[in-house]
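Every chain is numbered from 1 and lettered A, B, ... according to where its sequence line falls, protein lines coming before strand lines.
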Amino acid sequence: MALFLLKRLAGMVATLFATALAVFGSIYLAPGDPAVFLMKGRPATPETLAAIRAQYHLNDPFAVQFGKWLGGVLTGDFGRSVQFRQDVGGLIAARLPTTLWLVAYAALLILVAGLAVGAVAALRRGVADRIVLVGTGVATATPAFVAAIGLITVFSVKLHWFPAFGNGTGFGGRITHLTLPAVALALTFAGLLARVTRSSMLEALAREHVEVARSRGVPGATVVRRHVLRNSLGPISTVTGTVVAGLLVSTSIVETAFGLSGVGQLLVSSVTVKDFPVVQAVSLLVVFAFVLANLLVDLVQPLIDPRVKGAAR
Amino acid sequence: MRESALLEIEGLTVRLASGAARPVLDGVSLRVAEGETVGLVGESGSGKSVTGRSVLGLMPDGAEVTGSVRVAGRDVLALPPARLREVRRREVAMVFQDPRASINPVRRIGDFVTEGLRAGGTPMRAALKAAEELLESVGIEQPRRALRRFPHEFSGGMLQRVMIAGALAGGPRLLLADEPTTALDVTTQAEVISILTRLQAERGTGMLFVTHDLDLAAAVCDRIYVMYAGRIVEEQTTDGLFAHPRHPYTAGLLAATPRLESDEPPRGVPGRPVSLAEDPEGCAFAARCRFAAPGCAAERPPLRPVDGVSVACLRAEELVHD
């Protein structure tokens with residue numbers, strides 16, 4: 001178990017280093033000169049541009065720049081935002097709670113709706129299954145921004161049930177302000193999880209041990225819980241891990257649509273103005289979330305299926 | 001014997017939903033007395049497994065079923081679900097063919113053995129205690145530790161012992177064994193059979209032993225039913241069946257078994273079994289029968305008593321095979 005964890009952690013570090021390199025390097029492949037941007041359209045003499053380049057270490061060789069940046073990241077210093085003239089770390093920290101609330105809320109919706117809808121489709125074949133297939137098809141195909149517009153139109157403008165804008169304060173305020181964004185965010189992935197749950201449960205249902213359990217006088221609900229749902233958890237947990245990590249990316253759309261000041265919105269505004277330090281930091285955060293989610297899923301797999309090697313005791 | 005029948009199947013006919021030409025089971029009747037071991041032998045597709053499963057009330061999805069399956073006097077096909085579950089927990093239990101597929105791979109051995117007991121309301125502690133004793137009685141070493149282990153840590157033979165323990169957990173009066181050793185290799189087959197028959201004798205449990213292997217059935221059973229194309233074609237005591245098979249199909253099966261003591265090579269039954277898509281008008285075996293007379297293809301022979309045995313053959317009186 002300890003060795004398994006150690007190996008996984010080493011893999012995690014390697015992944016993070018590689019992505020840090022890619023994230024940092026991709027900025028240099030993108031068109032546009034940050035120094036020019038910093039002048040904000042004002043005419044600049046070559047001398048001022050050179051001065052700016054020197055100030056932001058833009059003239060150093062790539063390896064040196066990367067080294068400096070990485071060293072900063074490791075000590076929690078992500079550099080200064082060109083746009084806000086503030087520490088990137090502080091900018092993200094201020095916006096992270098809203099984003100994490102949104103992601104957690106959406107993840108909860110995805111899990112509850114996805115599992116319930118998928119289970120209903122798998123267990124009640126026929127009409128229910130047909131409806132779920134069409135419904136999840138539509139849900140999966142609806143982009144978050146379309147869902148956002150639709151939800152705002154119906155529930156904010158027409159019905160006045162939920163606010164259309166802003167973060168909200170306090171627990172209740174957050175929940176009311178984040179409900180529509182969370183639904184918009186969850187829709188696609190809940191559809192996806194419902195489909196995965198459905199097919200995974202159908203596969204588990206066809207297993208012989210399910211009928212064997214029934215033949216031994218175990219009540220139907222117990223059979224579903226212990227032999228069908230339990231055995232279909234593998235694919236469900238894998239997809240859930242990836243989806244929840246991916247939510248961090250999708251928040252950029254939803255936060256922009258609902259005017260939430262979160263990390264996603266910060267990313268969007270930073271990309272448009274080429275605020276490289278912020279883009280780099282947020283990208284790294286997203287990758288970190290993916291790596292973490294994968295690690296959790298890998299740690300959970302042996303508990304779900306004892307035949308998976310790893311944490312076996 | 002007639003009064004004390006533990007299992008009594010009468011005129012069981014099962015038609016599949018998906019429009020097969022002939023029923024999977026066509027008027028099957030059989031009985032197992034208290035403590036008796038009865039074989040049900042036939043080729044794959046003969047309907048023997050469907051018959052075995054019907055005793056637990058397990059029918060193919062959407063099948064059209066007529067006839068009755070009485071266990072200790074109660075028709076399992078007509079029982080409400082709660083009563084059917086009770087019969088499954090206490091009266092009848094099945095040893096399935098493939099233990100690897102029949103035992104949930106992600107749950108512990110103890111979970112499997114105690115599942116039926118706990119569904120019946122036995123407290124966990126008592127159920128585990130019973131399971132430990134059962135595992136010991138089927139020859140699992142360190143039964144207490146085995147309860148905590150997972151199926152993939154056991155060999156096929158050991159897992160089939162676990163299955164037997166699980167089947168015996170509810171103290172059933174009738175055991176169904178559906179090809180219980182087919183998935184095992186030969187040496188473990190013998191062990192599993194001896195455990196099964198020993199425990200069955202100790203507990204006075206009746207058994208319906210479903211197999212395609214006539215010799216295995218002979219080694220285990222008091223009486224044997226032979227099935228062909230969804231019907232019982234012959235029924236006799238094991239000794240009688242081997243000495244004087246009355247149905248040409250039974251004779252064919254016996255001749256098809258390789259024997260050490262005989263110099264003759266085994267002769268297979270020519271032709272192939274009747275598929276569900278075909279519904280021959282007369283005797284289903286007529287097309288493969290060496291003794292088929294013109295009348296055989298026209299008229300369906302009923303199962304009738306001939307010289308103290310039951311056989312479904314028009315020419316049963318004239319033909320005695322050996």
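Considering only heavy-atom pairs separated by less than 4.5 Å from chain B, the leading option among A:Leu233, A:Val210, A:Asn231 is A:Asn231. Of the listed residues B:Glu115, B:Arg118, B:Met94, B:Arg89, the one with more heavy-atom pairs under 4.5 angstrom with chain A than any other is B:Glu115. Contact count versus chain B (heavy atoms, under 4.5 Å) is highest, among A:Glu208, A:Arg216, A:Glu211, for A:Arg216. Note: B:Arg53 leads B:Arg53, B:Glu86, B:Met163 in heavy-atom pairs under 4.5 Å with chain A.
No more than 12 heavy-atom neighbours from other residues, nucleotides or ligands sit within 6.0 angstrom of CZ on A:Phe288. Other residues, nucleotides and ligands contribute at most 12 non-hydrogen atoms within 6.0 Å of the CD atom of B:Glu141. The neighbour count for B:Asp185 CG, taken as heavy atoms of other residues, nucleotides or ligands under 6.0 Å away, is above 12. Remark: B:Glu43 CD is packed, more than 12 non-hydrogen atoms of other residues, nucleotides or ligands lying under 6.0 Å away.
Side-chain contact between B:Asp111 and A:Arg226: present, with at least one pair of heavy atoms (C-beta onward) separated by less than 4.5 Å. Counting only heavy atoms from C-beta outward, the side chains of A:Arg307 and B:Glu153 never approach each other to under 4.5 Å. A 4.5 Å side-chain heavy-atom check between B:Asn104 and A:Arg207 finds every atom pair outside the cut-off.
At a 4.5 Å heavy-atom cutoff, B:Arg90 makes no contact with chain A through either its backbone or its side chain. Neither the backbone nor the side chain of B:Ala93 comes within contact range of chain A; no heavy atoms are under 4.5 Å apart. Using a 4.5 Å cut-off between heavy atoms, B:Leu58 touches chain A through its side chain atoms alone. Both the backbone and the side chain of A:Ser215 come within less than 4.5 Å of a heavy atom in chain B.
In this structure, B:Ser102 and A:His209 approach most closely via the heavy-atom pair O-CB, 3.3 Å. Nearest approach of A:Gly217 to B:Ala119, heavy atoms of both residues: O-CB, 3.9 Å. Nearest heavy atom pair, residue A:Ile304 against residue B:Val106, reads O-CB, 3.6 Å.
Of the possible polar contacts, none joining the B:Arg88 side chain to the A:Val218 backbone as a donor-acceptor pair under 3.5 Å is found.
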